[in-house]
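Working notes for the structure below.
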Amino acid sequence: MFGVTGDLARKKLMPAIYDLANRGLLPPGFSLVGFARRDWADEDFAQVTYQAVKENARTPFNDTVWQQLSEGVRFVPGEFDDDAAFDRLAQTVAELDTQRGTGGNYAFYLSIPPRFFRTVVQQLKRSGLSSPGPDDGRPGPGPWRRVVIEKPFGHDLASARELNEIVNSVFGHHSVFRIDHYLGKETVQNILALRFANELYEPIWNRGYVDHVQITMAEDIGIGGRAGYYDGIGAARDVIQNHLMQLLALTAMEEPVSFDADALRLEKQKVLSAVRLPDDLAAGTARGQYTAGWQGGVKVPGYLEEQGIPPDSHTETYAALKLGVDTRRWAGVPFYLRAGKRLPRRMTEIAVIFQRAPHLPFSATETQELGQNALVIRVQPDEGVTVRFGSKVPGAAMEVRDVNMDFAYGESFTVSSPEAYERLLLDVLIGDPPLFPRHEEVELSWQILDPVEDFWAEHTKPDPYLAGTEGPASADAMLAADGRAWRRL
């Protein structure tokens with residue numbers, strides 16, 4: 001694991017490894033090797049891992065499990081451009097092979113800034129660590145080599161293609177796992193179950209019944225300590241290009257012939273290749289930047305006052321797009337995507353909003369509180385599904401208004417959902433790739449977003465919005481022009 005000193009490793013990856021071990025899903029010989037610039041011994045890294053597990057693990061701490069896991073913990077200090085350090089890494093891994101019986105199977109997790117991907121991948125090749133087994137990483141007998149890459153996968157189409165060429169040339173595309181942690185969430189996978197395991201929704205999952213779709217990822221926090229990464233990236237590149245495009249693809253895709261990786265990815269690629277931008281990007285997109293305001297009763301600074309942010313930065317902290325999907329199923333149905341920071345609450349959801357009834361045999365006063373039917377898939381934090389429909393209010397009058405029928409994971413299942421990284425790390429180790437975007441999907445997403453980023457860079461600057469509010473007025477105007485409105489956060 002490269003980047004073991006970062007927040008992701010401490011808060012997500014190390015606890016996920018422990019939770020997998022605690023659930024009996026890792027082999028007894030599983031080993032974890034950390035690589036970083038710190039002057040640590042194996043015991044120091046083991047202590048860091050122990051603290052991360054104690055503070056952030058989802059499952060109860062079990063000393064027996066930890067003792068077995070800690071026996072395979074090693075640390076190699078060094079810089080990414082240090083040949084000798086990677087030679088020591090190769091030696092350490094070879095020794096673990098002999099001591100722990102890991103069978104020559106190596107997964108390399110690159111939890112590092114993208115600018116270092118090329119250097120690390122080339123070092124893995126030079127040192128012989130990336131040399132695949134006879135099957136080139138495909139499922140089957142023989143040792144394998146796999147590499148895991150965290151987003152962002154480039155910052156535009158050209159850089160994404162360059163990155164893909166570098167990584168695929170060393171590992172082969174079957175052995176490259178691009179982590180989008182949203183795809184590891186139970187609720188995201190439940191989109192497939194909801195659509196294709198039931199007959200209830202699929203007949204109305206099309207342009208004949210759906211008015212529009214809203215996909216939202218809202219955060220109530222600012223950029224925190226991520227100024228160095230976030231400035232120059234912005235909300236669209238950080239969230240829409242990967243997370244929300246993947247949610248759009250899962251919502252709009254046709255039924256795959258099976259749930260294997262190739263079949264699932266093929267249907268997602270078809271959707272992404274059919275996505276169309278609005279003709280007028282000024283009217284069909286919006287972006288904003290939060291200013292000082294109140295969040296949860298606390299005064300918070302604006303984006304330009306955050307530490308490390310230039311006072312003239314045009315990086316957006318809110319982005320919204322209107323997209324079309326030119327397929328027989330979805331032609332004419334707009335997909336509205338939005339993502340932002342310093343919004344009223346943390347929430348990710350997919351809302352399928354249905355058309356209004358063509359005729360209501362009630363008076364206007366009887367239905368004035370009746371909206372549109374909706375099916376809302378709540379990805380986080382309150383994972384579940386809500387169906388909104390009209391119902392008669394008890395009483396003598398025929399008054400109809402919206403009610404919700406709700407399914408919550410926490411109430412329906414006694415087993416708690418595993419963290420997304422647990423599922424994804426396990427999939428890497430067993431070589432099961434359906435939940436990992438292929439390079440074709442990454443490049444198609446950049447093809448959609450690049451024209452928007454170019455337009456914004458040339459013609460616009462972010463509209464201000466107060467921290468703690470629902471975003472800039474231009475985003476509301478984008479939907480109002482179509483006679484629609486965003487769901488309240």
Side-chain angles (χ1 to χ4, degrees), residues 1-3 8 13 16-17 20 25-27 29-35 80 86 89-90 92-94 96-97 102-112 114 116-154 159-181 183-184 242 246 259-266 268-269 420-444:
M1 185 183 295
F2 298 91
L8 177 66
L13 303 182
I17 288 170
L20 288 172
L25 296 175
L26 294 182
F30 176 88
S31 303
L32 172 65
V33 181
F35 186 102
F80 295 145
F86 276 81
L89 178 62
T92 300
V93 172
L96 280 170
D97 253 350
T102 53
N105 298 317
Y106 310 158
F108 303 101
Y109 200 114
L110 274 56
S111 178
I112 57 178
F116 297 121
F117 286 167
R118 176 198 290 268
T119 303
V120 172
V121 167
Q122 289 175 341
Q123 285 282 23
L124 292 173
K125 181 179 182 179
R126 185 204 59 78
S127 60
L129 282 164
S130 68
S131 300
D135 64 346
D136 192 27
R138 292 180 177 85
W144 45 257
R145 305 287 190 273
R146 297 176 185 139
V147 63
V148 186
I149 299 176
E150 275 282 346
K151 75 171 186 74
F153 314 118
S159 60
R161 282 177 171 161
E162 181 184 2
L163 175 60
N164 286 330
E165 286 177 15
I166 293 166
V167 178
N168 289 342
S169 68
V170 174
F171 284 91
H173 67 269
H174 286 282
S175 300
V176 180
F177 290 72
R178 296 165 184 82
I179 286 266
D180 184 336
H181 70 273
L183 299 185
N242 38 75
Q246 286 290 320
F259 193 61
D260 69 31
D262 289 338
L264 196 59
R265 288 162 165 173
L266 179 62
K268 289 197 290 178
Q269 284 171 225
Y421 280 100
E422 285 179 59
R423 170 68 186 266
L424 295 173
L425 285 173
L426 182 61
D427 285 352
V428 169
L429 296 176
I430 65 177
D432 187 26
L435 299 178
F436 297 83
R438 277 271 290 276
H439 66 91
E440 293 93 345
E441 296 172 61
V442 173
E443 292 178 9
L444 283 168

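Because only heavy atoms are used, hydrogens play no part in the values below, and waters and symmetry mates are left out as well, while side chains stay in.
Here the closest heavy-atom approach between residue S130 and residue K125 is recorded as OG-CA, 3.2 Å. Counting all heavy atoms, side chain and backbone alike, S127 lies closest to A90 at O-CB, 4.1 Å. P143 approaches G104 most closely through the heavy-atom pair CB-O, 3.4 Å. Across all their heavy atoms, D97 and G103 have their closest contact at OD1-N, 3.6 Å. Closest non-hydrogen pair, L96 versus V33, comes out as CD1-CG2, 3.4 Å. Between F171 and V121 the shortest heavy-atom distance is CE1-CG1, 4.3 Å.
Looking at V167 and H439, their side chains never come closer than 4.5 Å, going by heavy atoms from C-beta outward. Inter-residue side-chain proximity for R265 and E440 is flagged as unmet; no heavy-atom pair is nearer than 4.5 Å. The closest side-chain heavy-atom distance from L129 to F108 is below 4.5 Å. Contact annotation: the side chain of E443 never approaches that of F153 to less than 4.5 Å [non-hydrogen atoms, C-beta and beyond]. In this structure, F80 and I112 have side chains that are in contact, with non-hydrogen atoms separated by less than 4.5 Å. At least one side-chain heavy atom of L429 sits under 4.5 Å from a side-chain heavy atom of W144. Side-chain contact between K268 and R438 is absent, with no heavy-atom pair separated by less than 4.5 Å.
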Using the side chain to side chain contact (heavy atoms under 4.5 Å, CB included) rule, take R145 and V170 through it: C-alpha gap first, then chi angles, then the decisive distance, then the call.
CA-CA 10 Å; R145 305 287 190 273; V170 174; over 6 Å; no
Residue pair F2, L124: steps toward the side chain to side chain contact (heavy atoms under 4.5 Å, CB included) verdict
CA-CA 12 Å; F2 298 91; L124 292 173; 4.0 Å; yes
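E422 CD to L13 CG: the interatomic distance, rounded to the nearest 0.5 Å, is 11.5 Å. Rounded to the nearest 0.5 Å, atoms OH (Y109) and CG (L8) are 5.0 Å apart. Separating the CG atom in L264 from the CD atom in Q269 is a distance of 10.5 Å, to the nearest 0.5 Å. Note that the OG atom of S131 and the OH atom of Y106 stand 9.5 Å from one another [nearest 0.5 Å]. The structure places CG of L110 at 10.5 Å from OG1 of T119, a figure rounded to the nearest 0.5 Å. With values rounded to the nearest 0.5 angstrom, I179 atom CD1 is found 4.5 Å from L424 atom CG.
Of the options I17, N105, T102, a side-chain contact (heavy atoms from CB on, under 4.5 Å) to F30 is made by I17 and by none of the others.
Although no hydrogens or angles enter the test, the distance criterion places a donor-acceptor pair under 3.5 Å between the side chain of R146 and the main chain of V428.
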